[in-house]
Protein chains: 2
Amino acid sequence: MRADAQRNAEKLRAAAAELFQERGLQVPLKEIARRAGVSHGTLYNLFGTREALIDAVVADGAARRLDEVAQQALSHDDAWEGFAHYVERLCELQATDPAVAAVVGGRYPDAERLMAVCARSMEAARRIVRRAHEAGVLRPDFTNADLVFAFAANALLARATADAAPDAWRRQVTYLLDGLRTEAARTPLPAIQPTERQVREALRSLGEA
Amino acid sequence: MRADAQRNAEKLRAAAAELFQERGLQVPLKEIARRAGVSHGTLYNLFGTREALIDAVVADGAARRLDEVAQQALSHDDAWEGFAHYVERLCELQATDPAVAAVVGGRYPDAERLMAVCARSMEAARRIVRRAHEAGVLRPDFTNADLVFAFAANALLARATADAAPDAWRRQVTYLLDGLRTEAARTPLPAIQPTERQVREALRSLGEA
DNA sequence: AGGTAAATTGACAGCAGGGTCAAGTTCGAT
DNA sequence: ATCGAACTTGACCCTGCTGTCAATTTACCT
């Protein structure tokens with residue numbers, strides 16, 4: 001790769017990082033090119049697709065943050081506190097960082113690295129849920145799929161209210177958590193459980209909404 | 001109004017009703033015209049804006065359904081059961097009927113009749129919340145704004161998962177409700193409360209998401 | 001039946017975004 | 001310093017939507 005191409009790629013990565021954070025991962029590619037001071041043709045040359053650019057720019061950061069919260073959760077003495085903090089912190093990350101929201105929501109199924117991060121973080125979530133279940137603090141009818149959808153709902157709400165009421169999601173999460181304690185379980189759940197396939201499918205289509 | 005215009009308006013209303021239900025209120029106006037068998041110019045002639053068409057086609061139905069569930073809630077003997085059923089049924093309506101979702105979410109702020117229905121149904125919601133509070137069954141820190149955002153989150157989730165996991169929202173609602181009982185309240189809520197203004201603003205921007 | 005106001009039509013313009021590529025420019029190996 | 005390959009550029013096309021309007025057709029009143 002020639003030195004000028006290097007430089008341009010760097011400028012594009014920097015511009016993308018800014019704009020992804022400011023305006024979300026769906027920001028028009030032309031704007032990224034504009035902010036980087038190069039033609040959009042160059043962006044297509046160097047990265048080809050939005051997904052490739054995303055992978056190059058935000059995958060690592062998202063992975064780091066997600067690992068960190070999962071780590072904290074598992075190392076917490078109290079299984080409930082670990083779980084609850086995990087949910088809260090992850091929701092906060094989603095509200096704060098569009099890349100994390102994209103990972104957790106499985107948007108951009110064609111972004112390879114992002115999806116790898118998604119898989120990795122779902123595995124961590126499973127462990128955290130299992131630990132809370134085994135400690136008897138998390139209601140037993142709560143499933144991993146439920147957690148995925150809870151995160152999805154939070155991401156959607158946080159995004160939708162980001163401008164006008166940026167903390168609206170916090171109270172919702174509190175209510176949810178209080179409803180997830182073993183002792184809180186009073187209402188029997190609808191029996192219909194989504195299959196693994198449905199969860200994947202649903203996440204995939206989250207992006208379009 | 002001439003007889004042919006009458007007929008065309010009728011055809012357009014019918015086509016719009018179908019397509020709004022099938023594909024949501026954001027369905028392209030040209031498609032509505034196509035299904036009605038008239039030119040899209042005619043649609044603009046007769047209705048002018050999407051909002052006017054929505055008002056003409058779905059406002060009454062949505063109002064009726066919303067009134068009905070509110071009525072049922074208030075006439076339930078048990079304040080908790082009334083409240084819980086209300087939340088569940090309203091969420092179901094949102095998942096089922098794009099018009100109700102639009103009303104509750106305050107999308108289409110320019111659709112006058114829809115917004116009137118929105119105001120009316122928020123008033124009903126306030127009464128239902130008050131009743132549950134007064135009976136001591138609903139946790140006292142739960143506010144009307146929280147209910148609005150809970151519905152918003154549900155609508156977003158239901159829409160996003162409509163194809164792949166159409167019942168995903170049900171379990172989430174169950175968890176939420178179990179977290180809303182007075183006895184379930186264990187975690188103190190974040191103190192930040194959105195103002196009335198913020199709630200309106202946030203709803204307004206829901207549409208864009 | 002005829003005239004005119006009302007209504008319909010579809011071509012057209014505009015906007016926003018994705019994506020391509022021939023022509024021109026720049027790098028850097030020799 | 002030169003030359004070919006690598007790279008950049010921006011005009012261009014496409015798609016999908018909204019919205020407008022001059023020309024035409026149609027209803028209906030007399």
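Side-chain contact of A/Thr143 with A/Asp146: a donor-acceptor pair under 3.5 Å is present, judged by distance alone. No hydrogens or angles considered: a donor-acceptor pair under 3.5 Å links the side chains of A/Thr187 and B/Arg181.
We find that A/Asp67 and A/Arg120 are joined by a salt bridge, their nearest charged nitrogen and carboxylate oxygen being less than 4.0 Å apart. Between B/Arg35 and B/Glu22, at least one side-chain N (NZ, or NE/NH1/NH2) sits under 4.0 Å from a carboxylate O, which counts as a salt bridge. Residues B/Glu92 and B/Arg89 are paired through a salt bridge, judged by an N-O separation under 4.0 Å between the basic side chain and the carboxylate.
Atom P of nucleotide C/dC27 and atom CE of A/Met1 are separated by 15 Å, given to the nearest angstrom. The CG-P distance, from A/Leu29 to C/dG18, rounds to 5 Å in whole Å. Rounded to a whole Å, the CG atom of B/Asp4 is 8 Å from the C1' atom of C/dT8. Between B/Glu10 atom CD and C/dT8 atom C1' the separation is 18 Å, expressed in whole Å. Remark: P of C/dA6 and CG of B/Asn45 are 13 Å apart, rounded to the nearest angstrom. In this structure, CG of B/Asn8 is placed 6 Å from P of C/dT9, rounded to the nearest angstrom.
The nucleotide whose nearest atom lies closest to any side-chain atom of B/Val38 is, among C/dG17, C/dT9, C/dC27, C/dT9. Taking the side chain of B/Lys30 as heavy atoms from C-beta on, and the options C/dC12, C/dG18, C/dG28, the nearest nucleotide is C/dC12. Of all nucleotides listed (C/dA11, C/dT20, C/dG28), C/dT20 comes nearest to the side chain of A/His40. Nearest nucleotide to the B/Leu46 side chain, out of C/dT8, C/dG19, C/dT9: C/dT8.
Taking a 6.0 Å sphere around CD of B/Glu10, one finds it holds more than 12 heavy atoms contributed by other residues, nucleotides or ligands.
When the nearest nucleotides of DNA chain D are assigned to A/Ala3 and B/Gly41 by heavy-atom distance, the more 5′-ward of the two goes with A/Ala3.
When DNA chain D is scanned 5' to 3' for any atom under 4.0 Å from a heavy atom of chain B, the first and last hits are D/dC17 to D/dC28.
In this pair, A/Tyr44 and A/His40 present their aromatic rings perpendicular. The plane angle is above 60°, beyond the 30 to 60° band.
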